[in-house]
Amino acid sequence: MHEFRMIEDLHKLQNQISNLWDPFVGNGGSAYPALNIRKGADEISITALVPGIQPESLDITVSGNQLRLSGEVGSDLPKEKTGPVRVERFHGKFQRSLELPAEVDPEKTTAEFKNGILTLTLPIRENVKPRKIQIQTK
């Protein structure tokens with residue numbers, strides 16, 4: 001095994017372990033892809049950094065309050081051995097599953113991809129939004 005390939009394998013293992021503990025991998029986490037998550041009153045917005053990936057190789061699944069993002073990042077490493085190679089960028093298959101802070105409507109969810117950034121807009125289901133109760137007086 002190439003010595004720099006070990007670093008990449010350790011990075012993949014770290015990603016898998018990170019996903020076990022905290023689905024949002026806060027401040028400085030290293031799960032792939034890196035995500036920013038924002039919960040508003042009506043929707044949850046997620047941006048994912050996925051440079052070098054083709055949008056058609058992404059698979060996004062939403063069910064209730066669960067999100068699964070998977071795909072494959074191709075490798076641009078040379079095929080022939082030309083001496084030591086340093087590999088720091090992630091490549092290969094990935095899967096990231098997380099629990100969202102609210103139940104969302106998968107039928108109204110949208111995904112946009114531009115310049116290596118995936119933006120998901122997940123509307124919160126109406127039946128789980130807080131409702132103001134009117135007090136009736138007699």
Side-chain angles (χ1 to χ4, degrees):
M1 174 164 35
H2 197 276
E3 63 267 12
F4 294 112
R5 174 78 180 168
M6 267 191 336
I7 294 171
E8 181 184 351
D9 291 340
L10 286 172
H11 182 70
K12 286 180 185 178
L13 179 60
Q14 182 182 10
N15 285 343
Q16 292 170 349
I17 291 171
S18 293
N19 283 337
L20 293 175
W21 305 139
D22 183 2
F24 291 98
V25 188
N27 302 331
S30 63
Y32 186 87
L35 303 176
N36 284 347
I37 302 169
R38 183 187 60 79
K39 181 181 182 280
D42 297 324
E43 66 186 24
I44 298 168
S45 298
I46 299 175
T47 55
L49 296 178
V50 285
I53 195 166
Q54 297 300 315
E56 54 273 2
S57 70
L58 285 171
D59 183 34
I60 305 161
T61 307
V62 178
S63 177
N65 69 337
Q66 300 292 316
L67 171 72
R68 186 169 85 58
L69 179 61
S70 61
E72 186 168 1
V73 179
S75 172
D76 59 356
L77 294 175
K79 301 292 183 213
E80 65 279 344
K81 292 222 175 225
T82 58
V85 176
R86 184 176 181 128
V87 179
E88 293 184 351
R89 289 181 21 221
F90 176 83
H91 69 273
K93 292 183 180 183
F94 66 89
Q95 177 177 312
R96 183 108 190 250
S97 298
L98 48 108
E99 187 174 330
L100 300 169
E103 191 172 323
V104 297
D105 188 346
E107 298 298 320
K108 296 179 181 174
T109 296
T110 61
E112 294 180 22
F113 187 87
K114 184 176 180 183
N115 297 328
I117 298 175
L118 174 67
T119 303
L120 300 172
T121 304
L122 305 115
I124 296 173
R125 281 195 187 270
E126 289 295 324
N127 63 344
V128 297
K129 288 182 187 176
R131 288 196 173 97
K132 182 173 175 138
I133 307 300
Q134 296 292 327
I135 300 173
Q136 297 181 7
T137 58
K138 294 184 180 186

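Throughout, numbering of the chain's residues begins at 1 and tracks the sequence. In this text, all values refer to a predicted model and were calculated from it rather than measured experimentally.
At least one side-chain heavy atom of Leu118 sits less than 4.5 Å from a side-chain heavy atom of Leu69. With a 4.5 Å cut-off on side-chain heavy atoms, Ile44 and Leu67 do not count as touching. Inter-residue side-chain proximity for Ile117 and Leu49 is flagged as met; some heavy-atom pair is nearer than 4.5 Å. Lys114 has its side chain out of reach of Thr119: every pair of non-hydrogen atoms, C-beta onward, lies at least 4.5 Å apart.
Here Glu126 contributes atom CD and Glu103 contributes atom CD; the two are 12.0 Å apart, rounded to the nearest 0.5 Å. Separation of atoms CZ (Phe113) and CD (Glu56) is listed at 9.0 Å; rounding is to 0.5 Å. Distance CD1/Ile46 to CD1/Ile37: 5.0 Å, rounded to 0.5 Å.
Checked against side-chain contact (heavy atoms from CB on, under 4.5 Å), Pro123 has the following partners two or more places apart in sequence or in another chain: Lys108, Thr109. Under the rule for a side chain to side chain donor-acceptor pair (under 3.5 Å), Thr121 has no partner lying at least two apart in sequence or in another chain. With sequence neighbours excluded, no residue forms a side chain to side chain donor-acceptor pair (under 3.5 Å) with Thr61. Applying the side-chain contact (heavy atoms from CB on, under 4.5 Å) test to Pro106 and every residue at least two apart in sequence or in another chain returns Val62, Arg125.
Looking at every heavy atom in both residues, Leu58 comes nearest to Phe94 through CD2-CZ, 3.8 Å.
Applying the 6.0 Å contact sphere to CD of Glu107 captures no more than 12 heavy atoms from other residues, nucleotides or ligands.
For residues 60-74, the pairs satisfying salt bridge (Lys or Arg N to Asp or Glu O under 4.0 Å) are Asp59-Arg68, with sequence neighbours left out.
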